[in-house]
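In what follows, chains carry the letters A, B, and so on, assigned in the order in which the sequence lines appear, proteins first and then strands, with residues in each chain numbered from 1. The structure displayed is predicted, hence computed values, not measured ones.
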Amino acid sequence: MSVNLERIREIFSDYSPEKGNFMVLLHDVQKACGNWLPEEALMEVSKLAKMPLNKVYGFVSFYTMFSTQPRGKHIIRVCKDGPCAVKGSLMLADLLMKELDVDMGETTDDNHFTLEETACIGTCTASPAMMIDDEVYGNVAPESLNSILKKYR
Amino acid sequence: MKYNAKILSTDNVLLKNVGNIDPLKIDEYIANGGYEALKKAVTMDRKAIIDSVSDSGLRGRGGANFPTGRKWLFTYNATADQKYLIINADEGEPGTVKDRILMEGDPHQIIEGMVIAAYAIGATKGFIYIRGEYNDSIKTMNAAIKQAEEKGMLGKNILGSGFDFEMRVAMGGGAYICGEETALIDSIEGKRGEPRLKPPYPPVEGLFKKPTIVNNVETIANVPHIIAKGSEWFRSLGASCSPGTKLFMLCGDINEPGIVETPIDLSFEDVIEKFGKGANGGEIKFAQIGGSSGNIFTPEMLKKVWTYERCCEFKVSYGTGSIFVCNDSRSIVDHLLTVAEFFEHESCGKCTPCREGTHRVKQIIEDFAFGEGTVSDLEILKELCLIMKRSPICGLGQACVNPVLDAIEYFKGEILAN
Ligand SMILES: Cc1cc2nc3c(=O)[nH]c(=O)nc-3n(C[C@H](O)[C@H](O)[C@H](O)COP(=O)(O)O)c2cc1C
Ligand code: SF4
Ligand code: FES
């Protein structure tokens with residue numbers, strides 16, 4: 001997928017140039033690039049933000065939500081922390097790996113789903129929990145997995 | 001509200017509106033007495049607001065329990081051309097959902113608290129730093145900010161007082177360490193979120209080197225109530241040394257998981273029994289209180305009322321207020337491994353004792369999980385943990401060994417039998 005530099009410039013002009021917006025900008029840039037940050041996009045960001053490329057890269061590599069590797073159209077994040085672990089999130093992760101035929105961190109061959117682990121997503125009173133893109137799912141029962149995935153297929 | 005946490009009980013202070021009003025309608029908040037405290041505050045002397053918060057005995061709800069009024073005073077007294085107020089909504093402690101429910105259920109309570117705080121300390125700009133995974137919170141807060149601006153509760157000349165305050169949402173990117181206030185500040189500045197060496201402390205030198213107050217969401221949500229009803233009313237709730245109500249979250253092996261608002265005058269066992277309908281799948285073996293870096297409580301300890309004073313005495317903390325119950329079918333080693341993996345991943349890597357230490361701690365626990373740990377491994381683990389308690393530069397490295405040390409104390413036999 002080629003990077004739409006025009007869109008990146010638009011994102012930068014949408015925000016006031018004031019400090020404090022850099023993370024918000026990068027989230028939007030990542031969305032515009034299809035869930036990851038290709039090098040060309042980072043170079044454009046570096047130019048627009050007047051920040052050296054190595055600083056931009058250092059920033060991006062620090063935060064788990066950003067990726068410099070291609071990812072699928074939909075990102076599935078399964079919580080792996082304590083409250084979810086005791087309520088079956090490991091089994092959930094196993095089921096997802098089987099169903100999608102990928103390992104943790106991998107993307108399906110058709111580039112449709114990327115499966116990731118995540119730290120707690122604040123849904124611990126409804127464990128096990130997972131997110132697909134922006135949507136949170138709590139109390140995920142193994143039986144319900146397929147009907148949830150169907151919405152994104 | 002899409003959020004799926006059940007409210008098990010409330011004292012109708014912080015959760016008064018949650019589930020009862022439409023969070024996206026400022027008029028419903030106002031009709032329920034909202035923004036009355038702000039109207040009162042802008043007629044008050046700034047110092048009097050801080051005194052009132054100090055007198056109330058309010059302590060920070062982000063984990064460190066620092067007296068809020070005392071913190072505000074540092075920034076109030078600082079001279080600077082710009083001061084900032086930041087609300088910490090990076091909520092990342094496993095087991096913790098309270099800030100989310102406050103943002104998604106009653107966003108104006110937070111905004112009102114922020115404007116009052118900003119007015120008191122003299123900050124004209126503010127941020128609420130929300131973790132990147134909390135999409136609904138981000139959307140709700142953004143919508144609420146817009147409405148508050150339209151109503152004149154935010155922006156220029158708020159309620160005709162001559163006071164200006166502008167606030168925005170800042171986002172996280174999936175890094176637990178950004179909950180630490182100086183890492184959070186660096187993150188807003190567009191940097192990697194690595195904690196700063198202190199001093200200087202943020203109230204004197206924080207965001208863009210200006211005096212900055214960082215408060216937790218739950219802390220700031222208390223402020224409108226204190227201003228509206230007074231510090232004496234606040235003090236009448238709960239134990240004398242930890243007044244007010246607190247949000248507790250029940251999760252893990254519990255019949256009725258959910259969120260509870262109660263003054264701190266109940267034991268955790270009572271909270272578990274009364275609101276969570278007890279443990280399920282067996283008897284309680286232990287509970288971890290306050291998140292991944294929280295202490296491990298035995299059933300015996302859960303019987304006590306953990307006021308702030310008692311916590312100091314026994315050197316434990318109730319942290320964020322999450323109560324993660326594990327029944328007697330759970331393995332302590334498995335639990336420690338989950339916790340150790342979390343910290344190995346979340347250590348920012350800035351200082352060696354934590355970067356290397358979290359890795360080694362995980363390795364040794366892994367050995368026990370695979371049945372290969374020895375008595376001397378356990379001794380090394382304990383020594384390592386004691387070193388880590390002292391040497392890292394921030395609270396992550398220092399506190400992440402708490403559950404390990406507790407487990408070694410209470411469950412040594414089980415760990416060695418593994
Ligand atoms: C590793 C680490 C993570 C933290 N995470 C949070 C957090 O997610 N939310 C929060 O409010 N405070 C968190 N804190 C505490 C903050 O540094 C700070 O003390 C707090 O936001 C102050 O607000 P308060 O006085 O209202 O509690 C964390 C501290 C450390 C050391
Ligand atoms: S203690 Fe750990 S998280 Fe804190 S600064 Fe050091 S390496 Fe980073
Ligand atoms: S532990 Fe899984 S959502 Fe919090």
Exercise. Within a strict 4.5 Å, meaning less than it, do heavy atoms of the A:M23 and B:Y129 side chains meet?
Worked result: yes
Problem set entry | Largest heavy-atom contact set with chain B, pairs under 4.5 Å, which of A:A85, A:A129, A:A49, A:G82 | A:G82
Problem set entry | NZ/A:K73: more than 12 non-hydrogen atoms of other groups inside 6.0 Å | no
For this session: Give a yes or no on this: more than 12 heavy atoms of other residues, nucleotides or ligands lie within 6.0 Å of atom CG of A:N54.
Result: yes
Exercise. Just wondering, more than 12 heavy atoms not from B:E256 lying within 6.0 Å of its CD?
Worked result: yes
Exercise. So do B:H345 and A:T64 actually touch side chain to side chain, heavy atoms under 4.5 Å?
Worked result: yes
Problem set entry | Gap separating the CD1 atom of B:I323 from the SG atom of A:C124, nearest 0.5 angstrom | 13.0 Å
Exercise. Taking atom CD of B:E341 and atom NZ of A:K80, what is their separation to the nearest 0.5 Å?
Worked result: 7.5 Å
Exercise. Hey, mind stepping through A:V136 and B:E133 against side chain to side chain contact (heavy atoms under 4.5 Å, CB included) and telling me if it holds?
Worked result: CA-CA 9 Å; A:V136 181; B:E133 293 88 345; over 6 Å; no
Exercise. Can any side-chain N or O of A:H27 pair as donor or acceptor with the backbone N or O of B:G172 at less than 3.5 Å?
Worked result: yes
Exercise. Got a donor-acceptor contact below 3.5 angstrom from the B:R100 side chain to the A:G122 backbone?
Worked result: yes
Problem set entry | Value rounded to 0.5 Å, distance of CG in A:N21 from CZ in B:R168 | 4.5 Å
Problem set entry | Structural part of B:V169 lying under 4.5 Å from a heavy atom of chain A | backbone
Exercise. Quick one: what part of B:Q288 sits under 4.5 Å from any heavy atom of chain A, side chain, backbone, both or neither?
Worked result: neither
Problem set entry | Nearest heavy-atom neighbours spanning B:G190 and A:F59 | O-CD1, 3.4 Å
Exercise. Should the heavy atoms of other residues, nucleotides or ligands under 6.0 Å from CD of B:E283 be counted, would the total exceed 12?
Worked result: no
For this session: Answer yes or no: does atom NZ of A:K150 have more than 12 heavy-atom neighbours from other residues, nucleotides or ligands under 6.0 Å?
Result: no
Problem set entry | Contact origin within B:N280 toward chain A - heavy atom pairs under 4.5 Å | side chain
For this session: Indicate the atoms forming the closest heavy-atom contact of A:A119 with B:E346, along with that distance.
Result: CB-OE2, 3.7 Å
Problem set entry | Option in B:G174, B:G132, B:G173, B:G291 with maximal non-hydrogen atom pairs under 4.5 Å from chain A | B:G173
Exercise. Side chain, backbone, both or neither: which part of B:I188 has an atom under 4.5 Å from a heavy atom of chain A?
Worked result: both
For this session: For residues B:A170 and A:G20, report the shortest heavy-atom separation together with the two atoms involved.
Result: CB-O, 4.4 Å
For this session: Of all the heavy-atom pairs spanning B:R192 and A:S61, show the shortest one and how long it is.
Result: NH1-OG, 3.5 Å
For this session: Mark yes when over 12 heavy atoms from residues, nucleotides or ligands other than A:D101 sit less than 6.0 Å from its CG; otherwise mark no.
Result: no
Exercise. Should B:E194 and A:F62 be marked as a side chain to side chain contact (heavy atoms under 4.5 Å, CB included) after you check the CA-CA gap, both sets of side-chain angles, and the distance that decides it?
Worked result: CA-CA 9 Å; B:E194 290 173 0; A:F62 187 82; 3.9 Å; yes
Seminar exercise, completed: Looking only at B:I138, B:V339, B:D253, most heavy-atom pairs under 4.5 Å shared with chain A are made by B:D253
Problem set entry | B:F208, part contacting chain A, at a heavy-atom distance under 4.5 Å | side chain
For this session: To the nearest 0.5 angstrom, please state how far the OG1 atom of B:T338 sits from the CG atom of A:L90.
Result: 7.0 Å
Exercise. So, A:T125 side chain and B:P257 main chain: donor-acceptor pair closer than 3.5 Å or not?
Worked result: no
Exercise. Are side-chain heavy atoms of A:Y63 and B:C178 found at a separation under 4.5 Å?
Worked result: yes
Problem set entry | Stepwise side chain to side chain contact (heavy atoms under 4.5 Å, CB included) test for A:E135 and B:N135 | CA-CA 8 Å; A:E135 200 73 36; B:N135 280 291; over 6 Å; no
Seminar exercise, completed: Closest non-hydrogen atoms of A:C120 and B:G95, given as atom of the first, atom of the second and distance, are SG-N, 3.9 Å
Exercise. With a 4.5 Å limit on heavy-atom distance, are the side chains of B:R330 and A:V86 in contact?
Worked result: yes
For this session: Measure B:S187 against the heavy atoms of chain A and call it side chain, backbone, both or neither at under 4.5 Å.
Result: both
